[in-house]
Number of protein chains: 2
Amino acid sequence: MARKRITPGKIRLTEVAKLAGVSPITASRFFRNPEALSVGKRARVESAAKELGYVPNLAARALASQRTEVIGVLIPSLTNNVFADVLRGIYDALDGSRYSIQLANTRYSILLEERLLRLFLAQKPAGLIVTGINQTPDSRSIMETVDCPIVQIMEIGPSPVDMMIGFSHFDAAKAAISHLLAQGYRRIGFLGARMDPRVQRRLDGYRFAMTEAGLFDLRLIVTTAIPTSVTLGGTLFADLLAKAPDIDAVFCVNDDLALGALFECKRRHMAVPEQMAIVGFNDLEFMASSEPTLSSVRTNRYEMGRNAAMMVLETLDGRRPTEPVVDLGFSVMERQSSTRRN
Amino acid sequence: MARKRITPGKIRLTEVAKLAGVSPITASRFFRNPEALSVGKRARVESAAKELGYVPNLAARALASQRTEVIGVLIPSLTNNVFADVLRGIYDALDGSRYSIQLANTRYSILLEERLLRLFLAQKPAGLIVTGINQTPDSRSIMETVDCPIVQIMEIGPSPVDMMIGFSHFDAAKAAISHLLAQGYRRIGFLGARMDPRVQRRLDGYRFAMTEAGLFDLRLIVTTAIPTSVTLGGTLFADLLAKAPDIDAVFCVNDDLALGALFECKRRHMAVPEQMAIVGFNDLEFMASSEPTLSSVRTNRYEMGRNAAMMVLETLDGRRPTEPVVDLGFSVMERQSSTRRN
DNA sequence: CAACCGTTTGGTAGCGCTGTCAATAATTCT
DNA sequence: AGAATTATTGACAGCGCTACCAAACGGTTG
């Protein structure tokens, strides 16, 4: 027959309880809801735990309580600077809380996202942060039936699964184009890579603004499914120039492309912004210190991550945010690269 | 007295076993070591699991088996591009394996690292990946007593806790300086930010090479504890020029600083590489496509992460790597920014 | 003084799985 | 063929914690 599995010096809740002179369940409560204890016992358990160096066994807790203290995060890429900032925000917000993060990379595939979602939810996460609003129908219905807080990040849309924080990529791109138009640029090219849903919506914003100004021209648009890079920015910009040599400005869907375009201009001895204006997207740190400084659309990525995590925490705390959909907005940073020196 | 906690439609291992007509423990074995089952039962359990959509309860597994399938990763920064690449390698290597990743940010503090280490180890991780070789003495002894595979990444040194993968930052910096010397540069400045232990060792390499060449001069060195950025690169480079206006080259401890220095040169209309050579470190993607292209020291960050994770996996598999210390090396990428056009 | 109420504490069982050992079936060996 | 292995399978208990219910306690009230 089976034996007693001995666990030699390990400190369990029982040990703490014994030292504190209370029952295990009371000790347990101390770690979950100290308020529920009388002041005396609270102090006794606290000092006992400290003395023994007790660390709760999360697996046992999860098994007994049927829930975990893990917040699942689904993002499409680990490479992208944008998500690095978002993640930093999430980690910072959860730092010091009892929740930890389980990260998974959907690689821009909503099918993979769905699979990861099922995996996550099977472990009963405390909360969930997912990227974007384009999930598979199955993903959506799974998320709707699950009863943990869910925040969709990066963009906003009409029907949140639960909560949502982001900004309008359409409006942001439109604003960038408006800025270029206001500066007197007319033949404004579009450079896009990866073309995920959010980039697609930036293209829509570009198209809308250009059409409205009566300046839309398909030849001004160069896109690719290849992941973005600075090098690619140079290549795409060269393609664009080949297709439309008369352009006087280019809007890039991210800053890497913009930097690549800038370098390509330098290589061709094209003056920026005199002969060519450049506007990027995201406003990464380097945009403000390049030569010339590069215009971009600032998006509040760190805040997005931070707030998303805080929205989850608040909901778990029973203090559900009054506004389930938060528009973090954007701002067009007008710098040298798109400012006509009149 | 306590009641039966009913769990309505939930699919447990028992259900799968029942459907498959085997005992629960046999079904359990199917998920952990299918080879151990006879072909018939294996197929029966497999189809039963699929039919019921069974997903194992990881908390129960962890509690019963006294170990988790989590690999802890301790890195000093989430912002730094370098770690993004390393992480990507780790995630890629673990993708498809049954292990998941628990990430924590030490914020370049070895005290915080020690605290996080204790937290991690209390949950009995399957493996551990930690950054660098400068842990607190307590951290070291904790790691030495624990019996899971541990890989130290980013650099190599004489006494691994367990395994190690990285390269010599000293040699890498030395090689960069040798390259500049070979190109005929003599007054070579040093730009350093953050100054974590690895950056410190790059400074040591610089100092060694310069001293050996009889060219060492304290005025050539500008460092700060501030986290790195492109903007900071410009600022530090300006500081350096103020201290030592006669420099003809600058070695930057990372590529962001190098890019910042390049922009600052442009702003001052200093010709690169004719009046000023620039060499960076890490060889981020943009270095090869800037104008001029920027020299750098290529480090194999993705491979480092990937291999580190694979070393953990192999050890867990019982196939311990023959070589516990892996030197991934580096290569000096000689580009326009440091090539005298004779 | 009994009845009542809210707060604090404890007893019991069980969360879903696997470690250990033993039993049985299938093979191989002498 | 019988013994000795080896490959499969199963029984049982328990991993460390918490949900649920009940009891004890302290204070009021009529």
Side-chain angles (χ1 to χ4, degrees), chain A residues 1-45 48-49 52-69 98 122-124 126, chain B residues 1-45 48-49 52-69 98 122-124 126:
Chain A
M1 72 241 73
R3 81 287 68 116
K4 296 270 176 208
R5 272 181 255 172
I6 37 79
T7 326
K10 198 189 298 174
I11 292 110
R12 302 196 302 302
L13 192 52
T14 320
E15 272 74 53
V16 176
K18 202 166 293 171
L19 180 60
V22 299
S23 71
I25 187 66
T26 300
S28 168
R29 272 193 273 263
F30 168 77
F31 292 101
R32 293 175 292 148
N33 180 18
E35 323 302 315
L37 300 208
S38 62
V39 194
K41 307 223 164 172
R42 197 184 310 170
R44 298 232 302 283
V45 176
L52 297 172
Y54 171 72
V55 181
N57 181 321
L58 299 185
R61 178 179 289 179
L63 180 58
S65 67
Q66 299 280 59
R67 48 201 171 64
T68 61
E69 292 180 341
R98 60 217 181 104
Q123 304 310 325
K124 306 221 170 87
Chain B
M1 70 238 76
R3 81 288 66 123
K4 296 269 173 207
R5 270 182 255 173
I6 37 77
T7 328
K10 198 188 297 173
I11 291 108
R12 302 198 300 303
L13 193 52
T14 320
E15 272 74 51
V16 176
K18 202 165 294 171
L19 181 61
V22 299
S23 70
I25 187 67
T26 301
S28 167
R29 273 191 274 263
F30 168 78
F31 293 101
R32 292 174 293 149
N33 181 19
E35 323 301 313
L37 299 208
S38 62
V39 194
K41 306 223 167 178
R42 198 184 309 169
R44 298 232 302 282
V45 176
L52 297 173
Y54 172 72
V55 181
N57 181 321
L58 298 185
R61 180 180 286 179
L63 180 59
S65 67
Q66 298 280 62
R67 52 202 167 63
T68 60
E69 293 180 342
R98 61 216 180 101
Q123 305 309 326
K124 304 219 169 88

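Labels below follow one simple rule: chain letters A, B, ... track the order of the sequence lines, proteins then strands, and each chain is numbered from 1. Since the structure is predicted, the reported quantities are computational estimates derived from the model, not experimental observations.
Residue order along DNA chain C, read from the 5' end via each residue's closest nucleotide, puts A:K41 first among A:K41 and B:S28. Mapped onto DNA chain D by nearest heavy atom, B:A60 and A:F31 fall at different nucleotides, with B:A60 at the one closer to the 5' end.
Here D:dA19 presents its C1' atom at 12 Å from CG of A:L63, a figure rounded to the nearest Å. Regarding A:F30, its CZ atom lies at a distance of 17 Å from the C1' atom of D:dT18, rounded to whole Å. Distance CD (A:Q66) to C1' (C:dC17): 12 Å, rounded to an integer number of Å. As a whole-Å value, the separation of A:K18 NZ from D:dC17 C1' is 15 Å. One interatomic measurement links the two molecules: CG of A:L13 to P of C:dG10, which rounds to 12 Å at whole-angstrom precision. If you take CZ of B:R67 and P of D:dC15, they are 16 Å apart, rounded to a whole angstrom. Computed from coordinates, the A:E69 CD to D:dC17 P distance equals 13 Å when rounded to whole Å. Distance B:I25 CD1 to C:dT24 C1': 16 Å, rounded to the nearest Å.
For A:N57, counting side-chain heavy atoms from C-beta on, the closest listed nucleotide (D:dG10, D:dC17, C:dG10) is D:dC17. When distances run from any side-chain atom of A:V22 to the nucleotides C:dT9, C:dT18, C:dG10, the shortest one goes to C:dG10. Side-chain atoms of A:R12 lie closest to D:dG16 of the nucleotides C:dG10, D:dG16, D:dG14.
A sub-4.0 Å separation between OP1 or OP2 of D:dT18 and a side-chain N or O of A:R32 is present. The side chain of B:S65 places no N or O atom within less than 4.0 Å of a non-bridging phosphate oxygen (OP1 or OP2) of C:dT18. For C:dC17, one of the phosphate oxygens OP1 or OP2 lies less than 4.0 angstrom from a side-chain nitrogen or oxygen of B:Y54. Dashed line: the shortest gap from a side-chain N or O of A:S38 to OP1 or OP2 of C:dT9 is under 4.0 Å.
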Check your understanding: Between A:N57 and A:R61, does a side chain to side chain contact (heavy atoms under 4.5 Å, CB included) hold up when you go through it step by step?
Key -> CA-CA 6 Å; A:N57 181 321; A:R61 178 179 289 179; over 6 Å; no
Exercise for review: Report the C-alpha separation of A:V22 and A:F30 in whole Å, then their side-chain angles, then the decisive distance to 0.1 Å, and conclude whether the side chain to side chain contact (heavy atoms under 4.5 Å, CB included) test is met.
Suggested key: CA-CA 11 Å; A:V22 299; A:F30 168 77; over 6 Å; no
Exercise for review: For the pair B:K18 and B:E15, evaluate salt bridge (charged side-chain N to carboxylate O under 4.0 Å, His left out) and give the outcome as yes or no after the intermediate values.
Suggested key: CA-CA 5 Å; B:K18 202 165 294 171; B:E15 272 74 51; 5.1 Å; no
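Residues B:V55 and A:Q123 share a closest heavy-atom pair of CG1-NE2, 4.0 Å. Across every non-hydrogen atom of B:V16 and B:A48, the tightest pair is O-CB, 3.7 Å.
For a distance-only test at 3.5 Å, the side chain of B:R29 fails to qualify as a donor-acceptor partner of the base of C:dG19.
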